[in-house]
Amino acid sequence: MIRLLVHRAIDRPGTHGTVFGGNPLAARGAPGAWPRCRECGGAMQFLGRIQPDAAATRVVQVFMCQNDPGCCEEWDANGGGNAAQVLDAEVTEALPAPDEGEVLRPATYGADVVEIDAADYDAARDAWIEATGRSPRHVLGQLGGTPMWLQGEETPDCECCGVPMRFLALLEQGPDGETEMNFGGGGVGYAFVCANDQPTAKFFWQC
């Protein structure tokens with residue numbers, strides 16, 4: 001069974017569920033720090049947050065440097081050009097954006113989870129498109145399961161416990177070519193979390 005992330009229009013992001021665009025969250029009552037690129041030092045762009053399921057107590061937020069696209073190794077899980085944060089979903093509030101750089105995306109949208117009985121992500125995606133008649137771009141990715149690699153397996157290791165991390169989600173660039181995430185043109189993003197439930201996550205992309 002493949003769990004697809006499917007586009008859902010929303011008026012405002014709120015603080016629950018899987019959402020792309022808008023503002024990231026921070027722990028309520030804490031100042032919070034907007035992630036900065038280790039390569040260029042600039043503030044990163046917030047891509048979105050992923051909630052594994054409705055009952056999950058944690059969300060994962062992903063960021064990527066867009067100050068000089070393609071120059072800060074944002075495709076590398078350990079290169080410093082991207083970031084992933086694990087937060088408690090129950091004690092969060094919106095984090096104000098800094099007044100510098102390309103830090104917010106020009107579109108905000110949500111994602112529903114649709115289960116498709118298929119062998120892999122590509123087959124599930126094709127089956128959903130055929131069954132619904134909706135745009136292929138409305139498939140936003142995959143939640144859990146086995147990742148579809150574009151350029152070979154690159155499962156990262158957790159920096160806390162040193163073991164291979166657990167696949168969380170595959171992300172497509174987005175429903176609109178003018179506001180899509182920049183994964184090198186036709187690429188996909190990958191989010192991973194600690195297999196031992198440490199509050200760590202990593203993000204990168206392939207194309």
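Residue numbers run from 1 in the order of the sequence given.
N23 CG to F46 CZ: the interatomic distance, rounded to the nearest 0.5 Å, is 8.0 Å. For the atom pair CE (M165) and SG (C160), the distance works out to 8.0 Å, reported to the nearest 0.5 Å. To the nearest 0.5 Å, atoms CD (E159) and SG (C194) are separated by 11.0 Å. Taking CG from L170 and OG1 from T146, the interatomic distance works out to 11.5 Å, rounded to the nearest 0.5 Å. Between the CD atom in Q45 and the CH2 atom in W34 there is a gap of 9.0 Å [rounded to 0.5 Å].
The existence of a salt bridge linking K202 and E154 is excluded, since no basic side-chain nitrogen approaches an acidic carboxylate oxygen closer than 4.0 Å.
For the pair C40 and C71, the minimum side-chain heavy-atom distance is 4.5 Å or more. Proximity of F192 to P164: side-chain heavy atoms (C-beta onward) are nowhere separated by under 4.5 Å. C65 has its side chain out of reach of E39: every pair of non-hydrogen atoms, C-beta onward, lies at least 4.5 Å apart.
The local environment of CD in E73 is crowded, with over 12 non-hydrogen atoms from other residues, nucleotides or ligands closer than 6.0 Å. Applying the 6.0 Å contact sphere to CD of E100 captures more than 12 heavy atoms from other residues, nucleotides or ligands. No more than 12 heavy atoms of other residues, nucleotides or ligands sit less than 6.0 Å from atom CD of E178.
Screening residues 133-145 for side-chain hydrogen bond (donor to acceptor under 3.5 Å, both in side chains) gives R134-H138, R137-E180 as the qualifying pairs, with residues at least two apart or on separate chains. The side-chain hydrogen bond (donor to acceptor under 3.5 Å, both in side chains) analysis of residues 117-127, with sequence neighbours excluded, yields the pairs Y121-E172.
Counting Ile, Leu, Val, Met, Phe, Trp and Tyr side chains that sit under 4.5 Å apart, directly or through other members, Y109 shares a hydrophobic cluster with L5, F20, L47, I50, V60, V62, M64, W75, V86, V113, L140, L143, L168, L171, M181, F183, V193, F203, W205.
A donor-acceptor contact shorter than 3.5 Å is absent between the side chain of Q85 and the backbone of L87. In this structure a side-chain-to-backbone donor-acceptor pair under 3.5 Å is present from N82 to D76. Of the possible donor and acceptor atoms, one in the side chain of Q61 sits under 3.5 Å from a partner among the backbone N and O of L25. With hydrogens and angles disregarded, a donor-acceptor distance shorter than 3.5 Å links the side chain of Q206 to the backbone of L150. T108 places a side-chain N or O within donor-acceptor distance of the main-chain N or O of G22, the cut-off being under 3.5 Å.
Scanning all heavy atoms of the two residues, the minimum distance from G185 to Q173 falls at N-OE1, 3.4 Å. When all heavy atoms of N67 and G101 are compared, the closest pair comes out as OD1-CA, 3.7 Å. Minimum heavy-atom separation, V103 to A43: CG1-CB, 3.6 Å. Contact detail for C37 and G81: the closest heavy-atom pair is SG-CA, 4.0 Å. For the pair N196 and C161, the tightest heavy-atom approach, listed with the atom from each and the gap, is ND2-SG, 3.4 Å. Contact record, H7 with P175: CD2-CG, 3.6 Å, taken as the closest heavy-atom pair.
V6 and V19 sit in two unconnected hydrophobic clusters of ILVMFWY residues. Membership requires side-chain heavy atoms under 4.5 Å apart, directly or through other members.
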